[in-house]
Amino acid sequence: QVHLVESGGGSVQAGGSLKLSCAVSGDISGCRMGWYRQAPGKERELVTSIAPDYMTDYTPSVKGRFTFSQDLSKRTTYLQMNSLKIEDTAVYYCAAKGCRPWYKDFWGQGTQVTVSS
């Protein structure tokens, strides 16, 4: 079983920065870790993910602004968000996807990020 707890959300003005954290418990060695977001009235979308071989993908709208990192010793993943835009406003979720051997998905409870003008 994998348990994920996000923190670090909040309100910021456009152009500002926030750093989200995701505290992880359980075995994630067979999972694809990632961050997703869901804006009001929209479907949840992938922001970034990292494969077990550490290859990282970013959705085009955040490339060059967001950075996914992880500190395995602290069992924590991070999402550094710079140059935030109003359209980045959403609930951000930490996820462990396709965790082997059963290819199960695990989600955090989400943290709100609000970007204002």
Side-chain angles (χ1 to χ4, degrees):
Q1 193 74 2
V2 174
H3 190 54
L4 308 169
V5 179
E6 302 97 334
S7 61
S11 298
V12 64
Q13 286 192 321
S17 298
L18 281 174
K19 187 173 185 177
L20 306 182
S21 300
C22 174
V24 178
S25 60
D27 183 6
I28 59 169
S29 60
C31 308
R32 186 177 184 97
M33 300 302 297
W35 287 90
Y36 289 70
R37 66 185 180 187
Q38 187 166 18
K42 295 188 177 181
E43 293 187 355
R44 192 172 297 187
E45 65 170 355
L46 173 67
V47 176
T48 179
S49 67
I50 187 168
D53 63 358
Y54 304 112
M55 291 294 291
T56 306
D57 295 322
Y58 295 92
T59 193
S61 63
V62 308
K63 272 186 180 178
R65 300 189 298 121
F66 289 14
T67 303
F68 185 2
S69 63
Q70 52 187 12
D71 185 333
L72 297 179
S73 65
K74 295 182 179 179
R75 299 189 60 79
T76 304
T77 69
Y78 304 96
L79 183 64
Q80 176 68 48
M81 305 185 294
N82 299 328
S83 302
L84 281 161
K85 303 177 180 180
I86 292 175
E87 52 264 39
D88 293 320
T89 295
V91 178
Y92 284 71
Y93 297 90
C94 180
K97 299 274 284 178
C99 298
R100 291 183 288 244
W102 308 114
Y103 297 94
K104 193 171 181 179
D105 296 341
F106 299 91
W107 296 89
Q109 83 285 355
T111 186
Q112 177 71 46
V113 172
T114 302
V115 184
S116 60
S117 59

Margin query: For a quick test of reading the model, state the closest non-hydrogen atom pair linking Lys42 to Gln38 and the distance between them.
Written below: O-NE2, 3.1 Å
Check: Of all residues at least two apart in sequence or in a different chain, which pass the side chain to side chain contact (heavy atoms under 4.5 Å, CB included) check with Ser7?
Finding: Ser21
Notebook entry, point to check: Looking at residues at least two apart in the chain, or sitting in another chain, which of them share a side chain to side chain contact (heavy atoms under 4.5 Å, CB included) with Val91?
Noted result: Tyr93, Gln112
Checklist line | Taking every non-hydrogen atom, the tightest pair across Gly8 and Leu18 | finding: O-CD2, 3.9 Å
Item checked: Closest non-hydrogen atom pair, Ser83 against Ser17 -> N-OG, 4.3 Å
Notebook entry, point to check: So, for Thr77 and Cys94, which heavy atoms are closest and what is the spacing to 0.1 Å?
Noted result: OG1-SG, 3.9 Å
Next item on the list: Rounded to the nearest 0.5 Å, what's the gap from NE2 on His3 to CD1 on Ile28? Could you check?
Entry: 13.5 Å
Checklist line | Thr89 side chain vs Val115 backbone, donor-acceptor pair below 3.5 Å | finding: yes
Item checked: Gap between atom CD of Gln13 and atom CD1 of Ile86 - 0.5 Å precision -> 10.0 Å
Notebook entry, point to check: What distance do Ser117 atom OG and Lys85 atom NZ have between them, rounded to the nearest 0.5 Å?
Noted result: 15.0 Å
Check: Can you name the ring-ring contact (aromatic ring centres under 6.0 Å, His included) partners of Tyr36, sequence neighbours left out?
Finding: Trp107
Check: Who passes side-chain hydrogen bond (donor to acceptor under 3.5 Å, both in side chains) against Asp57, sequence neighbours left out?
Finding: Arg32
Note to self: Assigning hydrophobic clusters by single linkage (Ile, Leu, Val, Met, Phe, Trp, Tyr; side-chain heavy-atom cutoff under 4.5 Å), is Leu72 placed with Tyr78?
What the structure shows: no
Next item on the list: Kindly indicate whether the side chain of Phe66, heavy atoms from C-beta on, has any atom under 4.5 Å from the side chain of Thr48.
Entry: no
Note to self: Restricting to side-chain hydrogen bond (donor to acceptor under 3.5 Å, both in side chains), what partner residues turn up for Lys97, sequence neighbours left out?
What the structure shows: Asp105
Notebook entry, point to check: Just how far is it from atom OG of Ser61 to atom CD of Glu87, taken to the nearest 0.5 Å?
Noted result: 8.0 Å
Notebook entry, point to check: With no hydrogens and no angle check, is any side-chain donor or acceptor of Arg75 less than 3.5 Å from a backbone partner on Val24?
Noted result: yes
Margin query: Going by the rule salt bridge (charged side-chain N to carboxylate O under 4.0 Å, His left out), which residues pair with Arg65 if we only count those two or more places apart in sequence or in a different chain?
Written below: Asp88
Checklist line | Pairing residues for Ser73 by the side-chain hydrogen bond (donor to acceptor under 3.5 Å, both in side chains) criterion, not counting sequence neighbours | finding: Asp71
Notebook entry, point to check: Taking only residues two or more places apart in sequence or in another chain, which ones pass side chain to side chain contact (heavy atoms under 4.5 Å, CB included) with Gln109?
Noted result: Val5, Glu6
Notebook entry, point to check: Do Val113 and Leu20 have side chains that get closer than 4.5 Å, going by heavy atoms?
Noted result: yes
Checklist line | By side chain to side chain contact (heavy atoms under 4.5 Å, CB included) - contacts of Gln1 (at least two apart) | finding: Lys104, Phe106
Next item on the list: Applying salt bridge (charged side-chain N to carboxylate O under 4.0 Å, His left out), name anything that partners Lys74, two or more places apart in sequence or on another chain.
Entry: none
Check: With sequence neighbours excluded, what pairs up with Ser25 under the side-chain hydrogen bond (donor to acceptor under 3.5 Å, both in side chains) test?
Finding: none
Checklist line | Qualifying residues under salt bridge (charged side-chain N to carboxylate O under 4.0 Å, His left out), relative to Asp27, sequence neighbours excluded | finding: none
Note to self: Same cluster or not: Leu4 versus Leu46, using hydrophobic residues (I, L, V, M, F, W, Y) connected whenever any side-chain heavy atoms lie under 4.5 Å apart?
What the structure shows: no
Notebook entry, point to check: If you count the non-hydrogen atoms of other residues, nucleotides and ligands that lie under 6.0 Å from CD in Glu43, is the total more than 12?
Noted result: no
